[in-house]
> 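Questions regarding the structure given below will be posed in turn.
These numbers come from a predicted model, not from an experiment. When reading the values below, keep in mind they use all heavy atoms of this one structure, side chains included, and skip hydrogens, waters and symmetry mates.
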Amino acid sequence: MARERRSKKEIITAKIEMIDEKITGYANKIAALTDEKEALQTELDELASAQKKAEEEAKTKELLKILKDKNMSIDDLKKMVENS
């Protein structure tokens, strides 16, 4: 059985189609990785926000403990700050 020869044009067209398929595949992979990156960045931002909130709460508790140890009220603290 004789093998049919393809023309140079057909060979080049086939190569272009293969490259286009690869480009489409890579574009899909890039889109998926971009989505994953955005999700991870959102998670990281949420963790940073939670950490900042926890630090603020710890400082507030420390301040309240100091006020209690010094037998001061919040109003007393406000007066001290206003007079400073």
Side-chain angles (χ1 to χ4, degrees):
M1 188 176 233
R3 194 172 129 187
E4 186 179 321
R5 288 185 49 116
R6 296 188 307 170
S7 70
K8 190 167 187 168
K9 180 181 176 183
E10 291 171 330
I11 293 170
I12 292 172
T13 302
K15 285 183 180 180
I16 290 172
E17 288 173 1
M18 282 182 17
I19 291 171
D20 284 342
E21 288 174 10
K22 285 183 180 180
I23 289 171
T24 300
Y26 290 137
N28 291 338
K29 287 181 182 179
I30 289 170
L33 289 171
T34 300
D35 290 345
E36 183 180 351
K37 177 186 172 188
E38 290 172 357
L40 289 170
Q41 186 62 52
T42 299
E43 187 177 345
L44 186 61
D45 293 345
E46 290 171 357
L47 287 172
S49 177
Q51 181 180 7
K52 184 177 178 182
K53 184 178 178 182
E55 289 171 356
E56 289 175 0
E57 287 178 4
K59 287 179 182 179
T60 300
K61 286 180 182 179
E62 183 180 356
L63 180 59
L64 289 173
K65 183 181 181 303
I66 292 170
L67 288 175
K68 184 178 178 183
D69 291 347
K70 298 290 183 182
N71 199 25
M72 294 176 65
S73 69
I74 292 177
D75 291 333
D76 294 337
L77 179 62
K78 285 180 183 177
K79 288 178 186 174
M80 280 180 52
V81 170
E82 289 172 358
N83 292 332
S84 300

> Looking at D75 and K79, does any basic side-chain N land under 4.0 Å from a carboxylate oxygen?
no

> CG of D76 to CG of N71: how many Å apart, nearest 0.5 Å?
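Here the rounded value is 8.5 Å.
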
> Are I30 and L40 grouped together when hydrophobic residues (ILVMFWY) are joined by side-chain heavy atoms under 4.5 angstrom apart?
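Hydrophobic grouping puts I30 apart from L40.
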
> For the NZ atom of K22 and the CG atom of D20, what is their distance to the nearest 0.5 Å?
11.5 Å

> Can you confirm whether K37 sits close enough to L33 that some side-chain heavy atom of one is under 4.5 Å from a side-chain heavy atom of the other?
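The answer is no; the side chains never approach within 4.5 Å.
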
> Return the NZ to NZ distance between K70 and K68, rounded to the nearest 0.5 Å.
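If I round to the nearest 0.5 Å, the distance is 15.0 Å.
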
> Quick one: closest heavy-atom pair of E10 and R5, and the distance?
OE1-O, 4.5 Å

> Can you establish whether the number of heavy atoms outside I74 located under 6.0 Å from its atom CD1 is more than 12?
no

> If hydrophobic clusters are built from ILVMFWY residues whose side chains come within less than 4.5 Å, do M80 and L67 share one?
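Yes; tracing contacts between hydrophobic side chains, which count when under 4.5 Å, links both residues.
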
> Can you find a heavy atom in the side chain of E21 that is under 4.5 Å from one in the side chain of T24?
no

> Within the side chain of S49, is there an N or O that forms a donor-acceptor pair under 3.5 Å with the backbone of D45?
no

> Cluster question for you: counting only ILVMFWY and a side-chain heavy-atom cut-off of under 4.5 Å, with indirect links fine, are I11 and M18 together?
no

> Say you draw a straight line from CE of M72 to NZ of K78; how long is it, rounded to the nearest 0.5 Å?
12.5 Å

> Does a side-chain heavy-atom distance below 4.5 Å link E38 with D35?
yes

> Is any side-chain heavy atom of L63 closer than 4.5 Å to one of K59?
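Not in contact.
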
> What's the spacing between Q41 CD and E43 CD if we round to 0.5 Å?
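Taking CD in Q41 and CD in E43, the distance rounds to 10.5 Å.
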
